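Because the structure is a prediction, the values reported are computed rather than measured. Just so it is clear, the values below take in all heavy atoms, side chains as well, and ignore hydrogens, waters and symmetry mates.
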Amino acid sequence: MSRLTPISRWIQSLPSNCLNRSPKNSLRLSANRKGMNKQSLAQWLQYLETLHPSEMDLGVERVARVADLLALKQPAVPVVTVAGTNGKGTTVAVMEALLSGCGYRVGAFTSPHFLRFNERIRVSGEEAGDEEIVTAFEAIEAARGETSLTYFEFANLAALAVFRAREVDFILLEVGLGGRLDSANMVDADVAVISSIALDHQEWLGDTRGAIAREKAGIMRPGRPVVIADPDPPPELAEQAQAIGASPVYSLGAEFSCSGAGDNWRGSISGAPGAVPLAGMQTPSLLPQNVCAAAQAVALLGVEFSQQQLQQAAADSIRPGRLQRLQIAGKHYLLDVAHNPAAVHKLLENIAASPCNGKVIALFSAMKDKPVAEMLDACVGCFDAWFLGDQAANPRAMPAAQIAEFLRARGQGMISVSANLRQAFRRAQSLLDRDDLLVVFGSFFTVAAVMPQLDKDRRKIGADE
């Protein structure tokens, strides 16, 4: 029996002419294949950050060329691509859990990660291992020649390589930004899902919902279905679907629907031979519209499932940092990567739906290219205290002192500014009583800074016990 790993067998199956080494990389890559000077995943990630002139370079031409060389552009299994301003990660997670619960092997590519790069590439919920990711990176590096790729594009190609090697039954791709020009769009989606459309990344996507809708519609394909989960999509979305020829179109409130709050909602999805009813669904940490959209997409893949399986999938798909509620040592936390105004409004709705009996305290940080003032306007009167911290290693982050000025201008109460987020978290935590709630929100970096501290608290409890 061959001792080759699945990813190694995939590489051996590639045409020899696809591994065109550029002179600057051939020596290191040759050494890697002989087992000499093997690069760790951490070393590779550090290297990838230096490869491209800019962190973001929208367009699929470059990455599609490399995907063609590696025979990754046309997967042999159905692909679902998910775009949206908010909710796309949740939609992917529910589909991943539901398909896995139905007995299928599912590859899911999402971004960004919190603590480990491996979080971006999963097979049936399990993170890909360092070795198979590194092996995929080596093949991509060898094949790309002089083609420059971004960090995200390398990650996307590596995910497709792992999924092919693992022989998954379905592939789920989460768009990083926009849709039309995102690297995930190099693959033709069998089902396209658009979770929501709101203002975000305006410098890249346009400054109106209609302009953003046109960009997200780029993941649609002629003659293939699209699921639209935005309850009030701009008309440009339907116009683009018609222009592209995407068909049929499944819209929230028409072909599928949901009503009620997350702790008790009902809905229906369209499937053969007719509508599949959902009643008494309980997904308090997930928006019903995202769960329903995920179920509709899975039905369009021809997979049958029960309401009980969907309920279990929703319970299994609570993603870290997405309306995630925790209780550790009697203290209550809510973590959410609400990094635009629409997401902040959803966060506040979640807090109001499950009010605590004590104080509601905020720990917040955001990127300076976000509409921070609008985000904070939504929060006026919702928090009893604010804790802020700088992100010295992140040049994109807005200084905590500037956020504090925004809050003072809005007449907010207690405001504490710390040298870093870890210190801000510990200060906020020290004031928590058992009936209080600490809400950590803003950028992914904000939530990621707090997670290791909460893990330390969990381990300490275990050690004390």
Side-chain angles (χ1 to χ4, degrees), residues 5-26 29-30 32-33 44 47-48 51-54 56-83 107-111 120-121 123 128 132-192 215 218-224 244:
T5 63
I7 195 83
S8 299
R9 287 196 294 272
W10 165 71
I11 290 173
Q12 284 205 347
S13 72
L14 294 173
S16 59
N17 62 359
C18 84
L19 299 178
N20 296 321
R21 302 179 184 82
S22 58
K24 61 185 175 63
N25 292 320
S26 60
L29 288 165
S30 177
N32 282 347
R33 266 186 282 278
W44 264 101
Y47 168 64
L48 298 186
L51 271 184
H52 201 70
S54 59
M56 192 179 301
D57 188 358
L58 294 180
V60 300
E61 293 81 6
R62 291 174 297 98
V63 68
R65 269 199 309 273
V66 181
D68 271 333
L69 289 169
L70 294 168
L72 295 173
K73 193 178 173 185
Q74 297 179 337
V77 299
V79 176
V80 182
T81 303
V82 183
F109 172 64
T110 60
S111 65
R120 297 176 181 236
I121 304 172
V123 175
E132 60 185 332
I133 296 174
V134 166
T135 304
F137 281 163
E138 290 174 349
I140 297 163
E141 177 76 344
R144 73 180 180 88
E146 297 300 324
T147 301
S148 181
L149 297 174
T150 67
Y151 181 102
F152 183 84
E153 290 164 348
F154 247 94
N156 201 337
L157 288 169
L160 293 173
V162 170
F163 300 156
R164 174 164 174 164
R166 295 275 204 101
E167 299 180 336
V168 301
D169 300 306
F170 296 98
I171 292 176
L172 311 177
L173 301 177
E174 179 188 351
V175 166
L177 188 151
R180 181 176 63 92
L181 299 175
D182 188 83
S183 66
N185 201 35
M186 65 180 157
V187 177
D188 290 332
D190 295 282
V191 179
E215 290 298 320
I219 68 170
M220 301 178 188
R221 293 296 188 270
R224 298 187 183 182
I244 292 169

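Between atom CG of residue Leu149 and atom CD of residue Glu141 there is a gap of 8.5 Å, rounded to the nearest 0.5 Å. Rounded to the nearest 0.5 Å, atoms CD1 (Ile140) and CG (Leu157) are 4.5 Å apart. Atoms CZ and CZ, on Arg120 and Phe109 in that order, are 6.5 Å from each other to the nearest 0.5 Å. Atom CD1 in Ile219 sits 9.0 Å away from atom CD1 in Ile244 (nearest 0.5 Å).
Across every non-hydrogen atom of Ala189 and Thr81, the tightest pair is CB-OG1, 3.4 Å. Among all heavy-atom pairs drawn from Glu153 and Ser183, the shortest one is CG-CB, 3.9 Å. Residues Ala161 and Ala136 approach most closely at CB-CB, 4.0 Å, considering heavy atoms. Summarising the geometry of Ile121 relative to Ala155, their closest heavy-atom pair is CD1-O, 4.1 Å, with the distance given to 0.1 Å. Taking each heavy atom of Val60 and Arg180 in turn, the nearest pair found is CG1-O, 4.2 Å.
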With side chain to side chain contact (heavy atoms under 4.5 Å, CB included) as the criterion, how do Leu48 and Phe137 come out once you've worked through the C-alpha distance, each side chain's angles and the decisive distance to 0.1 Å?
CA-CA 10 Å; Leu48 298 186; Phe137 281 163; 3.7 Å; yes
Take Phe152 and Asp182 through the test side chain to side chain contact (heavy atoms under 4.5 Å, CB included) and record every step on the way to the result.
CA-CA 10 Å; Phe152 183 84; Asp182 188 83; 3.8 Å; yes
Does the pair Phe163 and Val123 meet the rule for a side chain to side chain contact (heavy atoms under 4.5 Å, CB included), with working shown?
CA-CA 7 Å; Phe163 300 156; Val123 175; 4.2 Å; yes
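Residues Asp188 and Arg224 form a side-chain contact, since some pair of their non-hydrogen atoms from C-beta on lies under 4.5 Å apart. Using a 4.5 Å heavy-atom threshold, the side chains of Trp44 and Ile133 count as separate. Between Asn185 and Arg221, the closest side-chain pair of non-hydrogen atoms falls below 4.5 Å. Under the 4.5 Å side-chain criterion, counting only non-hydrogen atoms from C-beta, Val175 is not in contact with Glu215. Two residues are said to be in side-chain contact when any heavy atoms from C-beta on lie closer than 4.5 Å; Val187 and Asn156 fail this criterion.
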Tabulate below the donor-acceptor pairs under 3.5 Å that side-chain atoms of residues 63-80 make, not counting sequence neighbours, or state none.
none

